[in-house]
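Proteins come first, then strands; the chains are lettered A, B, ... in the order of their sequence lines, and each starts at number 1.
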Protein chains: 2
Amino acid sequence: MSNHHENLKNQIVCQSWMIIQEEGWQALSIRKIATAIGYSLPVVYKYFSSKDDLIEHFSKEGFLKLTEDLKNSIAEEHDSKQQLNLLAESYWNFAFNHRKHYEIMFGLGIPTCEKINSHVEMQDTCLVFENTIQQVIAQHQNTNLDVHLKLKTFWSILHGLVAIELLTNSEESASPSLILKDAIEGFILSLTNKKA
Amino acid sequence: MSNHHENLKNQIVCQSWMIIQEEGWQALSIRKIATAIGYSLPVVYKYFSSKDDLIEHFSKEGFLKLTEDLKNSIAEEHDSKQQLNLLAESYWNFAFNHRKHYEIMFGLGIPTCEKINSHVEMQDTCLVFENTIQQVIAQHQNTNLDVHLKLKTFWSILHGLVAIELLTNSEESASPSLILKDAIEGFILSLTNKKA
DNA sequence: CTACATTTGCTAACACTGTTAACAAGGAGT
DNA sequence: ACTCCTTGTTAACAGTGTTAGCAAATGTAG
């Protein structure tokens, strides 16, 4: 079993991805997939129980890739503050180099799929952020800070910048931008500065 | 002319809004609208050239309301730094009290409509932010700062926090949150602190 | 090798969607 | 009475996600 099985599932994913990249999420339809893989409609349903199921696959795939990129970006850096900068840069690059992925992951103008948030793959991404933030906090003996809160703030800054950029500059822009560096610098300060 | 005309257009908007609030954006269909207003399909097209056109109406309506809320929030406050805090709080409240509006305005999981960004109503919202930021900068003689850049940062922080909140805490949460205050505080510092 | 069972894939349909063409009824103006 | 135009209709086109029912091929047991 399952050689052809796996192969066909890959075919579906692969062809779907082509459609998405060339025509956007809106254009992705089961019928189009079916003809692309050279089979009839119901075959697709043998491998994905619904269209949402297929879309969720790409969302998970995106978080997997993002987590990998993030991990790689800090692998050879041992200063945890500098790691935060690298994470931010890596996050930004992911969003722009894998735009379509980012779109489903954070629901920016997608057909169906209501709540594809909070699966395991996303929690892994959180962990990468959290660990690094935790290190910076520990390093500066700022144990009064709430890591979860800071994680949320960090992620919000990143996503906010990316989303506004993606929404306004529809087509251009790529480099991590001054704003990003500035914002992250401020965030790091909020971790290292001691106050009341 | 146009008494009945205006009336029917209002009916369409009104009934559409009911559907959206009760069943979400996904459930909004021209047919459903038609039966809701007691007319047949093509009537809807007399008042809105397409579904996107109708959706865009709500997007504009949202930005109008947001701009109004923002302006009101700072009307009786003369300290421009404090105004920024009020703007942030007001923005947050708008996003949570007018969730469905916020969803289309920033494309969080919507059916059709590719690029409903950058219409005039949105630029008005920008202006409110920009004016206040400009004031803070002037007040601290930090004229080397780029207002547009700071505007983008401010908006990004706000949207980022809101979006992450809306995506994760699907149903709960309402109060402007500690993170928001913290983040805005940091932003204000970046406006008032002088450096290289 | 036959006979049954299972998988594999198909066609066709259901219930929807946005959008538009073609047409019927009513009132206004000449 | 005869146009003209607005107002509204029905019916259709071209799509969508999804599923039921059936045919053919494939594998397994006797």
Going 5' to 3' through nucleotides 5-16 of chain C and flagging B where a protein heavy-atom sits under 4.0 Å of the base, S where only the sugar-phosphate is that close, and - otherwise, we get ---BSBB-B---

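Considering only residues two or more places apart in sequence or on other chains, B:His98 meets the ring pair (Phe, Tyr, Trp, His ring centres under 6.0 Å) condition with B:Phe94. Take B:Lys81 and apply the salt bridge (Lys or Arg N to Asp or Glu O under 4.0 Å) test, not counting sequence neighbours, and it matches no residue. A:Tyr47 meets the ring pair (Phe, Tyr, Trp, His ring centres under 6.0 Å) test with A:His5; sequence neighbours excluded. Residues meeting the ring pair (Phe, Tyr, Trp, His ring centres under 6.0 Å) test with A:Phe48, sequence neighbours left out: A:His57. Applying the side-chain contact (heavy atoms from CB on, under 4.5 Å) rule to A:Leu149 yields the partners A:Asp146, B:Leu178, B:Ile179; only residues at least two apart in sequence or on another chain are considered. Under the ring pair (Phe, Tyr, Trp, His ring centres under 6.0 Å) criterion, B:Phe154 pairs with B:Phe129, B:Phe187, not counting sequence neighbours.
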Expected list for residues 11-22 of chain A: side-chain donor-acceptor pairs under 3.5 angstrom, two or more places apart:
unit_1	atom_1	unit_2	atom_2	d
A:Ser16	OG	A:Ile12	O	2.7

Report, one line per pair, each donor and acceptor closer than 3.5 Å where one atom sits in a side chain of residues 28-36 of chain A; sequence neighbours left out.
unit_1	atom_1	unit_2	atom_2	d
A:Ser29	OG	A:Lys32	N	3.1
A:Lys32	NZ	A:Glu23	OE1	3.3
A:Lys32	NZ	A:Ala27	O	3.3
A:Thr35	OG1	A:Lys32	O	3.1

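The nearest whole Å value for the distance from the NZ atom in B:Lys51 to the P atom in C:dT19 is 8 Å. The CD1-C1' distance, from A:Ile55 to D:dG17, rounds to 11 Å in whole Å. Between the CD1 atom of B:Ile37 and the P atom of D:dT9 there is a distance of 9 Å, given to the nearest Å. Rounded to whole Å, atom C1' of D:dG15 lies 10 Å from atom NZ of A:Lys32. One interatomic measurement links the two molecules: CD1 of B:Ile30 to P of C:dT20, which rounds to 11 Å at whole-angstrom precision. Atom CD1 of B:Ile33 is separated from atom P of C:dT19 by 10 Å (rounded to the nearest Å). A straight line from OH of B:Tyr45 to C1' of D:dG8 spans 16 Å, rounded to a whole angstrom. Between B:Asp53 atom CG and C:dT19 atom C1' there is a gap of 14 Å when expressed in whole angstrom units.
Remark: side-chain polar atoms of B:Ser80 are not paired, donor with acceptor, to backbone N or O of B:Gln83 under 3.5 angstrom.
Within the structure, the side-chain hydrogen bond (donor to acceptor under 3.5 Å, both in side chains) test picks out the following pairs touching residues 65-77 of chain A (sequence neighbours left out): A:Lys65-A:Asp69, A:Thr67-A:Thr125.
Taking five base pairs at each end of the helix from C:dT6-D:dA25 to C:dT30-D:dA1, the local helix axes there meet at an angle of 30°, rounded to 10°.
For DNA chain D, no neighbouring residue in residues 11-21 of chain B is found when judged by any heavy atom under 4.0 Å.
Using a 4.0 Å heavy-atom distance criterion, A:Leu54 is classed as making no nucleic acid contact.
Residues A:Ser156 and A:Thr153 have side chains not in contact (no heavy-atom distance under 4.5 Å, counting atoms from C-beta outward).
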